[in-house]
Undergrad: 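This is the structure, below, for whatever I ask next.
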Amino acid sequence: MLVLTVIQGPDRGERFELPPNQPQVIGRSSEALPLSDASISRRHAELTPDAGAWLIRDLGSQHGTFVNGQRVTGPVALRDGDQIRCGRTRMVFGPSGRAPEARPPARAGAPEATPTPGAASHLRLIQRIAALAGECADRQSLLGAVLSMTRSELAASRAAIIAPGPGGATLVQLCHGPGAAPGPASPLVERALAEAQAGSDTGPLGERLCAPVRARGHTYGALLVERPAQRAGERQRSLELLEAVGVHTALALTDLERAQRQLHAERMAAMGRTVAGLAHSIKNILQGLRGGADLVDLGLRKEDLATARSGWAILQRNLDRIMGLTRNMLAYARPSSPDTELCHVGPLLEDCAQLARPIAQARGVRFALAVEPHTPPVPLDPNLMHQAVMNLVANALEAAPERTGSVELTASFQSADPAGAPAAGPDAMRSGQLWIDVTDNGPGMSHDQVQRLAQLFYTTKGSRGTGLGLAVTRRIVEQHRGALVIDSQPGRGSRFRVVLPISPDAPHDLSQTDDPGHSV
C-alpha cells in the first residue's frame, strides 16, 4: 500500500497509508490526514487515485503545495520517491515511504539542543508581525511597524514597501537610517511583484534583499531592504526570514482589510436598521397628529367644542410621544458617562410617581409606590436613572389594562450578608444591591418576546411603541454597572427589575438574586 512518510515538520516520523480508490485530503481539518503543522491550511491539498496513479492538487492553501520544489498549479502525477511540501512539513510518497531521519542518541550529560539567539529573535519578529492586524487601526501604522522591526532585525540601512502602481512601481512606505532613500525599483523588485518569489543582488554599496508581500493569491507589493553585504549562508537565512515577513505582512493586511470591511458593513447595517425603525415610529406619530388635527379642524368648522377637545387630546398625546422619542434618540445616540453621586432613591422615585399618577388616573389604572425604609444611598446619575425608571413606568402603564390595571414601583435593599440582615450606615456601602422593580398586571410576554426585547426598535406595543425606550434604559443601567432583569409570562403580567450595586466598584452579581427572569 502506498504511504506518505513525514520527514520534516512537527509530525516528523508519522506514516499515513493511502487506501486505494479513496481520495485523501492533507490538512488540519477532521476529514484530513491529521497534521498538526500550524502553517498548513485546514484543507491544504488533495490526493486523488486515477487509473493506478495518484494525483495531487492544491486546494487554495495559504502557502501553496510543492512537489520536488516546484509549486503545484494544477493536478500533478506523483512518482515513487517524490517529496511533497505543505507549509513547514515535508513528506515522501512511495510504496514504503522513506524512513524518517534518525536523531543521533544524546551523549550522557550533554545538554539538549536549543534554538540559537538569532533563531529565537527571528521567531519573535514573525510572532510580533502576526499580531499586528489586531493592534493597528490602519494600513499605514501596520506597514510602519513592519518596516521598523524588519530593519532592526536585519541590521539594514533602509527598508521599504514597494507596491505596483500606474507607470511602474511606487514607493508606499519607507523606513531608513542615515542616508538617502531607496532609489527606483530595480529588476529585483519587478521580479518579486511579477513572479512572487524572493531574491537578492549585490552591488558596490552592499546588498539588496527583496521578497513579495503576498498571501491568499493577492500580491500587495514587495518588501525591500538594503544593508552591507553578508556571507552567502547569512544572506540565504536573511532572505528566508524576509520571505516569511512578507507572507505574514500580507496576511496581516488581509485581516486588517477584512476587519475594516466588516466594521463598515456593520455600521451601514446598523444605520439602515436605525433609519427604518425611526421612519416607522415617526410615521405612526405623524398619523396620530394628522388624526388629531383633523378632529380639531372638524370641531372648529362645526363649532363643536367637544370634538375639538378630543382632537386636541390626541395631538397632546402624540406631541408627548415626539418628545419622548427625541429624548431617547439623543440618549442612545450620544451616550455619556454617568455623573454619579450618592443619592437616596426615595425622592427620585417619588418624582417619577408624581409624573405617572395623572397618566394612571386617566387610564383608570391603580398606581402604587413603595420604598423600603433605611435604604442606603446609591452611587448614580439622578437624571439618567430618572429617565430609565420613567421609561419602565410608561411601558407598564401602557401594558396594564384600563380600569382594571395595576402598576407598582418599589425599591428594596438586598444585603450580601449571608445572614440576610440589611447592613446600616457605612457597612451598607461595602456590599449588597438595590432593586428597583416596576410590576404590572398586563398581558405578559412569552420567552421569545422577552429575548427579542434586547433588539433595537423591537416593541410589543405595535404602532404605540418606538422600541427605543427599553434600549436606552438598558444602556443607562449598564453604565451604572447594573443589570436589567425581566420576569414575564403570558397572562401573568411582567416585572422589570433594575439591579444596582451599592458599591461603585462592584459590578452586578445576578447569583445573589433569586430572580428567575432574563437579563437583557
Undergrad: Judged by modelled atom types alone, do Asp448 and Ser446 share a side-chain donor-acceptor pair under 3.5 Å?
TA: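 Judged by distance alone, the side chains do not pair up.
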
Undergrad: Distance check, rounded to the nearest 0.5 Å: Leu397 atom CG versus Arg357 atom CZ?
TA: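 If we round to the nearest 0.5 Å, Leu397:CG and Arg357:CZ are 11.5 Å apart.
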
Undergrad: Are Ser61 and Ser41 linked by a side-chain donor-acceptor pair shorter than 3.5 Å?
TA: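 Ser61 vs Ser41: no donor-acceptor pair found between side chains.
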
Undergrad: Could you verify whether a donor N or O on one side chain and an acceptor N or O on the other, from Asp11 and Ser36, lie under 3.5 Å apart?
TA: yes

Undergrad: Would you mind checking if Glu398 and Arg363 are paired as a salt bridge, meaning a charged N to carboxylate O distance below 4.0 Å?
TA: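 Salt bridge between Arg363 and Glu398, a charged N being under 4.0 Å from a carboxylate O: no.
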
Undergrad: With a 4.5 Å cut-off on side-chain heavy atoms, are Arg139 and Leu253 touching?
TA: yes

Undergrad: State, with a plain yes or no, whether a side-chain heavy atom of Cys352 is found less than 4.5 Å away from one of His386.
TA: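 Yes, at least one pair of side-chain atoms sits under 4.5 Å.
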
Undergrad: Are Asn441 and Pro401 packed together at the side-chain level, in the sense that at least one heavy-atom pair is separated by less than 4.5 angstrom?
TA: yes

Undergrad: What is the distance from atom CE of Met385 to atom CD1 of Ile436, rounded to the nearest 0.5 Å?
TA: 6.0 Å

Undergrad: Are more than 12 heavy atoms, taken from residues, nucleotides or ligands other than Arg492, located less than 6.0 Å from that residue's CZ atom?
TA: no

Undergrad: The test is side-chain contact (heavy atoms from CB on, under 4.5 Å); show your working for Thr410 and Trp435 and say whether it passes.
TA: CA-CA 8 Å; Thr410 63; Trp435 291 358; over 6 Å; no

Undergrad: The test is side-chain contact (heavy atoms from CB on, under 4.5 Å); show your working for His480 and Asp381 and say whether it passes.
TA: CA-CA 8 Å; His480 286 77; Asp381 185 321; 3.7 Å; yes

Undergrad: For Leu315 and Gly292, which heavy atoms make the closest approach, and how far apart are they?
TA: CG-C, 3.9 Å

Undergrad: Drop me the distance from Leu349's CG to Leu409's CG, to the nearest 0.5 angstrom.
TA: 5.0 Å

Undergrad: With side chain to side chain contact (heavy atoms under 4.5 Å, CB included) as the test, pick out the partner of Leu305 among Glu303, Lys302, Arg309.
TA: Arg309

Undergrad: Is there side-chain contact between Gln433 and Pro501, with at least one heavy-atom pair below 4.5 Å?
TA: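 No, every pair of side-chain atoms sits at 4.5 Å or beyond.
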
Undergrad: Answer yes or no: does atom CD of Glu402 have more than 12 heavy-atom neighbours from other residues, nucleotides or ligands under 6.0 Å?
TA: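 Count over threshold, so yes.
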
Undergrad: Walk me through it: do Glu408 and Arg497 pass the test salt bridge (charged side-chain N to carboxylate O under 4.0 Å, His left out)?
TA: CA-CA 12 Å; Glu408 294 182 358; Arg497 169 169 292 170; over 6 Å; no

Undergrad: With no hydrogens and no angle check, just 3.5 Å: does a side-chain donor-acceptor pair link Tyr220 and Thr254?
TA: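 Looking only at side-chain atoms, Thr254 and Tyr220 do form a donor-acceptor pair, the distance falling under 3.5 Å.
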
Undergrad: Taking atom types as modelled, find out whether Asp37 and Thr89 have a side-chain donor-acceptor pair closer than 3.5 angstrom.
TA: yes

Undergrad: Dump the intermediate steps for side-chain contact (heavy atoms from CB on, under 4.5 Å) on Ile26 and Glu46, then the final yes or no.
TA: CA-CA 6 Å; Ile26 299 174; Glu46 184 179 44; over 6 Å; no

Undergrad: Less than 4.5 Å apart, side chain to side chain, heavy atoms only: is that true for Leu384 and Gln479?
TA: yes

Undergrad: Please round to the nearest 0.5 Å and tell me the distance separating atom CG of Asp304 and atom CG of Leu298.
TA: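 Between atom CG of Asp304 and atom CG of Leu298 there are 7.5 Å.
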
Undergrad: Quick one, Leu35 with Phe16, criterion side-chain contact (heavy atoms from CB on, under 4.5 Å). Give me CA distance, side-chain angles, the key distance, then yes/no.
TA: CA-CA 10 Å; Leu35 294 171; Phe16 301 102; 3.7 Å; yes

Undergrad: Using every non-hydrogen atom in the two residues, find where Ser412 and Leu434 come nearest and quote the distance to one decimal.
TA: O-CD1, 3.4 Å

Undergrad: Is it the case that over 12 heavy atoms from other parts of the model lie below 6.0 angstrom from the CZ atom of Arg290?
TA: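 Atom CZ in Arg290 is not crowded, with 12 or fewer foreign heavy atoms closer than 6.0 Å.
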
